[in-house]
Number of protein chains: 2
Amino acid sequence: MNQPAPPAVVDRPVQPVAKELAASSGYLLARIGVAFKTQAVAKAEETGFELQDYGVLAILSEGVRETQATIAEALSVDPSRLVALLDALEDRGMIARQRDPHDRRRHVVSITAAGGRELGRMRKIVRAFEDEFLAPLDSDGREALHALLVALAARHDPRCCPMDVDGSL
Amino acid sequence: MNQPAPPAVVDRPVQPVAKELAASSGYLLARIGVAFKTQAVAKAEETGFELQDYGVLAILSEGVRETQATIAEALSVDPSRLVALLDALEDRGMIARQRDPHDRRRHVVSITAAGGRELGRMRKIVRAFEDEFLAPLDSDGREALHALLVALAARHDPRCCPMDVDGSL
DNA sequence: TATTGTTATACTCTATAACTATA
DNA sequence: TATAGTTATAGAGTATAACAATA
């Protein structure tokens, strides 16, 4: 799956960054975070889906949202981009849009049965990839990492922390 | 600076992502990593420099590299982009390029005294920002996080791990 | 002919703002 | 007049590939 050791380039010395940068947790965080995302996007494409679609279907599977704008905000994508994502998913029968009878400006977006099945497929692939990515860490290490990331997210990206807010979903 | 605080949106509920996503360490990693990078870039701009310049100067301050290509590879930027970065730094007198007498195709890039001073200024700002970003973690938490990130980097981005390879620098 | 650095081109991505239909 | 969703435009950023000079 990964290319942990490209055979043709065995003797390439691997150019290290400055020690000063490697010593920075923030730098590592950014670089590893980008690596995870990039590789996950690639893995998704290999397997025939767009990673962002996974996020959209995952949200919809946990309940209906008031408006498209709230979905976009949760995923931190621009509302105008979400339109394109929903268009594609609707074309493939994974989601359905219908007018909100109470406010006909709004679209009520819901996941279909086919969308639910596709979500299941995506979930398996994404989780397998994540497991592979975290392979260097044992069970305790993974638990510790998650707790630390949650602590940071609570401060810097509260949308990732479905805390004790209330039963909003 | 900011918008005059629209009073009508004080109670905006913060739209949470799917619990399924929030439970994924990889997802958190990507999202927090991106947040750190974005905010660091913004902080740098506020203070009058480009974040990537910090990376370039940091590398050069730790020794001379064989070629520009090795610098680009270490920072994982495209060689053609590095040219623009070096051009700007050279114009400002932060670095100097001179032909390698042994191979006149190559440029030996070195940091100047002014560049060193500017690096010191950048370093202070970046470290202060990182400290602020990691505020939710105590000393033990930060240490644990760093160790976990190093373990992941060793597998996924070895350039960030100046290990026991050898005295390459 | 291959490599180093550079320049130019083209492409992708995404934010901005205009537009419509409802309220 | 304001809002939800949509569409269109433009701008930034970046990879690709052509180029000139050396080897």
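Predicted model, so just to flag it, every value in this text is computed and none were measured. All values below were derived from every heavy atom in this structure, side-chain atoms included, with hydrogens, water molecules and symmetry-related copies excluded.
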How does each nucleotide of nucleotides 4-15 of chain C score, in 5' to 3' order, for protein heavy atoms under 4.0 Å: base (B), sugar-phosphate only (S), or none (-)? SSSB------SS
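- Scored by the ring pair (Phe, Tyr, Trp, His ring centres under 6.0 Å) test, B:Tyr27 finds no partners at all (sequence neighbours excluded).
- Partners of B:Arg99 under the salt bridge (charged side-chain N to carboxylate O under 4.0 Å, His left out) rule, at least two apart in sequence or in another chain, do not exist in this structure.
- Listed by chain and number, the residues in a side-chain hydrogen bond (donor to acceptor under 3.5 Å, both in side chains) with A:Asp87 are A:Arg97 (sequence neighbours excluded).
- Listed by residue number, the members of residues 27-38 of chain A with any heavy atom below 4.0 angstrom from DNA chain D form an empty set.
- Annotation: side chain to side chain donor-acceptor pair (under 3.5 Å) contacts involving residues 38-48 of chain B, sequence neighbours excluded, are absent.
- Taking a heavy-atom distance under 4.0 Å as the criterion, the stretch of DNA chain D touched by chain A extends 5' to 3' from D:dA2 to D:dT7.
- For A:His107, there are no ring pair (Phe, Tyr, Trp, His ring centres under 6.0 Å) partners, not counting sequence neighbours.
- The aromatic rings of B:His156 and A:Phe133 sit parallel, their planes meeting at an angle under 30°, below the 60° perpendicular limit.
- Residue pairs meeting the ring-ring contact (aromatic ring centres under 6.0 Å, His included) criterion with at least one member in residues 46-102 of chain A: none, sequence neighbours excluded.
- The salt bridge (charged side-chain N to carboxylate O under 4.0 Å, His left out) test applied to A:Glu118 returns A:Arg92, A:Arg121, not counting sequence neighbours.
- A search for salt bridge (charged side-chain N to carboxylate O under 4.0 Å, His left out) contacts involving B:Arg106 returns B:Glu66, B:Asp103, not counting sequence neighbours.
- For residues 136-146 of chain B, every residue pair satisfying the salt bridge (charged side-chain N to carboxylate O under 4.0 Å, His left out) rule, not counting sequence neighbours, is listed here: B:Asp131-B:Arg142.
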